[in-house]
Amino acid sequence: MSLDQKIAEVRTLLERVQKDYLPATFANSFGAEDMVLTDLIARHYPDIEMFTLDTGRLPQETYDLMQQVTERYGIRIPVYFPDAAAVEAYVAQNGPNAFYDSVDLRKKCCHIRKVEPLKRALRDKRGWITGLRRDQAPTRKGLVESEFDAENGLQKFSPLLDWSQADVWTYLKQFDVPYNALHDKGYTSIGCAPCTRAITPGEDVRAGRWWWEDPEIKECGLHPGKKRGPHNIASATTADLGVAVKDVAVSD
């Protein structure tokens with residue numbers, strides 16, 4: 001399928017969301033995939049809302065991109081922050097970088113800084129749009145384009161599920177869409193600054209996220225993955241994809 005055909009399919013799905021699932025919102029992490037959806041929604045689907053999560057530990061480059069989006073599209077995207085008292089209690093009890101100490105402490109930090117604010121952002125919504133793709137990680141192989149999210153009580157849509165990294169970057173370049181400057185420095189997946197690093201050629205495209213953990217469990221809790229069957233394949237590496245590190249990026 002050509003990129004033009006894939007874009008047409010995404011637009012058909014977004015039209016359906018705008019027609020049948022309002023109020024609907026797009027969870028924008030400002031990753032490369034999310035910038036594709038930002039461009040499409042901002043230009044063509046004004047009734048679909050957007051929001052982003054500010055964990056309090058994002059890299060400066062992400063804030064710079066937020067400002068670029070405001071200037072490029074003339075929109076200001078609502079920002080949801082973690083509960084200050086919960087952050088204070090976590091840091092007081094465990095320290096500012098306790099997420100390095102255990103998976104449980106990392107997931108607790110993610111829950112406070114990301115999952116709880118997400119629930120507030122999705123409250124009273126009927127549709128939730130994400131920039132997830134199947135080949136981003138082993139935990140995302142079983143995702144489907146449209147499914148009911150019982151946890152949040154709404155329909156969840158992933159319009160770019162079958163897009164490749166090459167599709168994403170071709171779109172960004174073709175339509176001159178701004179993207180996070182960290183992608184040009186080897187960062188393929190960008191989240192909180194202390195939990196994100198650049199990768200090297202041949203590494204898994206999501207290797208820079210929580211790199212000290214088993215890749216089979218590397219999710220923050222925003223998108224719980226389905227259990228993987230025996231025929232699921234491991235996530236792709238930059239060597240497998242045959243692309244430069246800076247031309248690969250994955251959504252949160």
Side-chain angles (χ1 to χ4, degrees), residues 7 10-11 13-15 17-18 21-84 87 113-133 156-160 163 167-185 187-196 209 220 222-223 246-252:
I7 293 171
V10 171
R11 293 200 57 181
L13 180 58
L14 291 176
E15 286 167 5
V17 172
Q18 183 167 259
Y21 288 93
L22 295 182
T25 190
F26 165 44
N28 193 343
S29 70
F30 296 94
E33 290 90 353
D34 287 356
M35 289 310 302
V36 170
L37 291 172
T38 298
D39 184 71
L40 286 168
I41 291 171
R43 291 194 294 119
H44 302 294
Y45 305 99
D47 293 334
I48 295 177
E49 302 169 20
M50 298 189 205
F51 73 90
T52 192
L53 306 178
D54 185 345
T55 64
R57 303 204 65 169
L58 299 179
Q60 181 59 43
E61 289 84 352
T62 301
Y63 296 113
D64 293 341
L65 181 56
M66 289 183 191
Q67 185 62 34
Q68 282 183 274
V69 167
T70 295
E71 295 168 358
R72 169 71 174 270
Y73 300 102
I75 58 176
R76 192 171 297 279
I77 298 176
V79 181
Y80 286 78
F81 295 88
D83 178 75
V87 173
R113 295 181 184 273
K114 300 173 81 171
V115 177
E116 190 279 327
L118 175 76
K119 290 184 179 300
R120 282 189 276 118
L122 296 180
R123 191 173 298 151
D124 300 324
K125 298 295 188 292
R126 296 185 61 221
W128 168 25
I129 299 168
T130 82
L132 299 178
R133 292 186 299 102
K156 180 178 178 180
F157 301 92
S158 299
L160 304 183
W163 281 41
D167 291 331
V168 170
W169 282 97
T170 298
Y171 183 98
L172 296 181
K173 293 171 182 177
Q174 180 175 327
F175 293 96
D176 192 30
V177 178
Y179 61 86
N180 197 311
L182 287 175
H183 291 317
D184 291 331
K185 300 177 181 179
Y187 287 73
T188 53
S189 179
I190 303 168
C192 293
C195 297
T196 302
R209 300 295 295 279
C220 62
L222 297 182
H223 308 289
K246 71 176 182 179
D247 287 339
V248 182
V250 300
S251 180
D252 210 2

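Heavy atoms only: backbone and side chains are in, while hydrogens, waters and symmetry mates are out.
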Would you name the heavy atoms of [X] and [Y] that are closest together and state the gap between them?
{"X": "His183", "Y": "Thr188", "answer": "CE1-O, 4.2 Å"}
{"X": "Ala42", "Y": "Ile75", "answer": "CB-CD1, 4.2 Å"}
{"X": "Met35", "Y": "Val69", "answer": "CE-CG2, 3.6 Å"}
{"X": "Gly191", "Y": "Pro59", "answer": "O-CD, 3.2 Å"}

Applying side chain to side chain contact (heavy atoms under 4.5 Å, CB included), run through Leu14 and Ile129 and close with a yes or a no. CA-CA 9 Å; Leu14 291 176; Ile129 299 168; 3.8 Å; yes

Test Glu116 against every option in Arg120, Lys114, Lys119 by the side chain to side chain donor-acceptor pair (under 3.5 Å) rule and name the one that passes. Arg120

Donor-acceptor pair, side chain of Thr55 and main chain of Arg57, under 3.5 angstrom: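 It does hold such a pair.
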
Exam field: side chain Arg126 to backbone Pro23, donor-acceptor pair closer than 3.5 Å: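 Looks like no, no N/O pair under 3.5 Å.
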
Quick check: do [X] and [Y] have side-chain heavy atoms less than 4.5 Å from each other?
{"X": "Tyr179", "Y": "Ile190", "result": "no"}
{"X": "Trp169", "Y": "Asp167", "result": "no"}
{"X": "Tyr63", "Y": "Met66", "result": "yes"}
{"X": "Phe81", "Y": "Leu53", "result": "no"}
{"X": "Leu65", "Y": "Pro178", "result": "yes"}
{"X": "Asn180", "Y": "Thr62", "result": "yes"}
{"X": "Leu13", "Y": "Phe157", "result": "yes"}
{"X": "Leu132", "Y": "Glu33", "result": "no"}

Side chain to side chain contact (heavy atoms under 4.5 Å, CB included) for Trp128 and Phe26? Distances and angles first, verdict last. CA-CA 6 Å; Trp128 168 25; Phe26 165 44; over 6 Å; no

Would [X] and [Y] count as having a side-chain donor-acceptor pair, cut-off 3.5 Å?
{"X": "Thr52", "Y": "Asn28", "answer": "no"}
{"X": "Arg43", "Y": "Tyr73", "answer": "no"}
{"X": "Arg209", "Y": "Ser189", "answer": "yes"}

In this structure, which one of Val168, Ile41, Val177 forms a side-chain contact (heavy atoms from CB on, under 4.5 Å) with Val36? Val168

Just grab all the salt bridge (charged side-chain N to carboxylate O under 4.0 Å, His left out) pairs involving residues 58-74, residues at least two apart or on different chains.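 Sorted result for residues 58-74: Glu61-Lys185.
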
Kindly determine whether Val10 and Leu37 satisfy side chain to side chain contact (heavy atoms under 4.5 Å, CB included), including the steps that lead there. CA-CA 9 Å; Val10 171; Leu37 291 172; 4.2 Å; yes

Any chance you could measure Tyr21, atom OH, to Lys156, atom NZ, to the nearest 0.5 Å?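 Between Tyr21 OH and Lys156 NZ, I get 15.0 Å after rounding to 0.5 Å.
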
